Amino acid sequence: MFFEKLSKLLNSAFHRTPQYITVSVAEAQSVSQPAAALPPSRLPRHVAIIMDGNGRWANARGLPRSAGHAAGTEALRDIIRASDDWGIEALSLYAFSTENWARSKEEVSALMSLLLKYFNSEIDELDEKNVHITILGDVDGLPEPQREAVVNAMARTKDNTGLKLNIALNYGGRAELVRAAQRLAEQVKSGQIDPEDIDDMLFEQQLYTRESPDVDLLIRTSGEQRLSNFLPWQTTYAEFIFDPINWPEFNRARYMKCLREYADRDRRFGGVKTDASGEVSP
Ligand code: FPP
């Protein structure tokens with residue numbers, strides 16, 4: 001117990017300080033880009049990913065869709081590790097939407113099994129790495145074994161101070177906003193707050209993502225260019241990158257390529273760009 005705590009402490013003190021990221025030659029070659037370093041100030045604090053294309057990846061290989069989700073889980077493992085290695089503050093992954101229940105019984109069941117397997121096999125390593133797990137979505141609507149696994153994972157990692165890993169399960173963006181509005185309405189009704197007290201900050205406190213900053217970068221694989229009800233509030237000022245490859249083929253090198261593209265973007269948040277003297281620059 002003592003050593004576990006010490007290791008987490010050391011992890012958060014040293015490992016989590018964002019470092020300049022260098023891309024290995026092999027990685028750089030695989031994305032046909034020169035090796036480059038990214039300064040921590042150009043890194044997104046919060047990355048959200050829509051892991052799309054598992055089904056198409058499997059179809060193209062004559063495999064069942066469940067094989068695509070299994071391959072997608074491997075990609076997810078690597079991207080979580082990379083986010084931790086590179087000092088990303090928060091990573092949100094869209095794993096199962098409220099609309100996904102409409103898929104075939106076999107596919108839903110395969111996804112639920114993968115989920116359970118993932119939490120059972122990864123929780124020790126994630127906790128050891130000081131990862132803080134939050135489930136975005138209605139946990140009570142999950143089958144009991146999955147509900148128990150994710151509730152335990154959240155409880156076990158609640159005091160961890162490393163990567164904020166948000167996994168959207170049984171999640172819908174509009175439902176999240178409606179839930180927040182209902183909670184605030186309850187507080188008004190009980191006299192805890194006045195309607196005019198409601199502002200962005202108070203509203204955000206009612207969202208599943210209340211512990212994470214706004215999304216800076218949203219990545220969607222498979223070439224689709226939609227938000228699909230994922231984090232509509234949190235992505236208001238996010239940069240979007242659509243990678244044409246299917247999720248099982250997404251890897252560290254592709255991820256780095258996205259981070260590099262993000263670092264080159266000029267974010268204005270609705271304002272204008274100013275130079276060091278405060279002058280408006282072109
Ligand atoms: C979208 O691809 C992907 C999903 C609906 C599921 C994503 C889930 C995983 C990657 C693994 C399970 C998650 C965890 C946390 C272990 P699609 O099936 O819609 O692909 P398609 O558009 O090509 O059909």
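When a ligand or atom number is given, it counts from 1 through the structure's own listing order. Quantities reported herein were computed from a predicted structural model and do not represent experimental measurements. Heavy-atom basis, side chains included; hydrogens, waters and symmetry copies ignored.
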N-O pairing of E74 and R77 below 4.0 Å: yes

Proximal candidate to atom 2 (O) of ligand 1 [heavy atom criterion; set G68, A60, A168, G53]: G53

Note: D85-R252 ion pair, threshold 4.0 Å (strictly below): yes

Numbered atoms of ligand 1 (with element) below 4.0 Å of L115, judged on heavy atoms: 14 (C), 15 (C)

Which segment of R220 sits under 4.0 Å of ligand 1 when only heavy atoms are counted: neither

Carboxylate-amine/guanidinium proximity below 4.0 Å for D78 and R254: no

Proximity winner for atom 8 (C) of ligand 1, if only heavy atoms of S66, A95, A70 are counted: A95

Shortest non-hydrogen contact between W57 and G68, atoms and distance: CE3-CA, 3.8 Å

Audit row: V131, E125, side-chain contact (heavy atoms from CB on, under 4.5 Å) steps and yes/no: CA-CA 9 Å; V131 173; E125 183 186 330; over 6 Å; no

Any K117 heavy atom less than 4.0 Å from ligand 1: no

Polar proximity ligand 1 side, W247 side, N/O cut 3.5 Å exclusive: no

Atoms in ligand 1 with a heavy atom of Y118 nearer than 4.0 Å: 16 (C)

Heavy-atom nearest neighbour in the protein, as seen from atom 19 (O) of ligand 1, with distance rounded to 0.1 Å: R103 NH2, 2.8 Å

From R56, M51, E74 - option closest to atom 1 (C) of ligand 1 by heavy atom: M51

E107 with R65: basic N within carboxylate O range, under 4.0 Å: yes

Option of least heavy-atom distance to atom 10 (C) of ligand 1 (set: T221, D52, N54): N54

Carboxylate-amine/guanidinium contact K164 E211, below 4.0 Å: no

Sidechain N-carboxylate O distance under 4.0 Å for R61, E249: yes

N100: numbered ligand 1 atoms lying under 4.0 Å from its heavy atoms: 5 (C)

SB check E224 R220 (cutoff 4.0 Å): no

For ligand 1, the portion of E224 having any non-hydrogen atom under 4.0 Å away: neither

N or O pair under 3.5 Å between T73 and ligand 1: no

Ligand 1 atoms in contact with G55 (distance to a heavy atom under 4.0 Å): 17 (P), 18 (O), 20 (O), 21 (P), 23 (O), 24 (O)

Test: R179 and D138 ion pair at under 4.0 Å: no

Distance from atom 4 (C) of ligand 1 to nearest protein heavy atom, with residue and atom: H69 CE1, 4.0 Å

Polar atom proximity, W57 to ligand 1 (N or O, under 3.5 Å): no

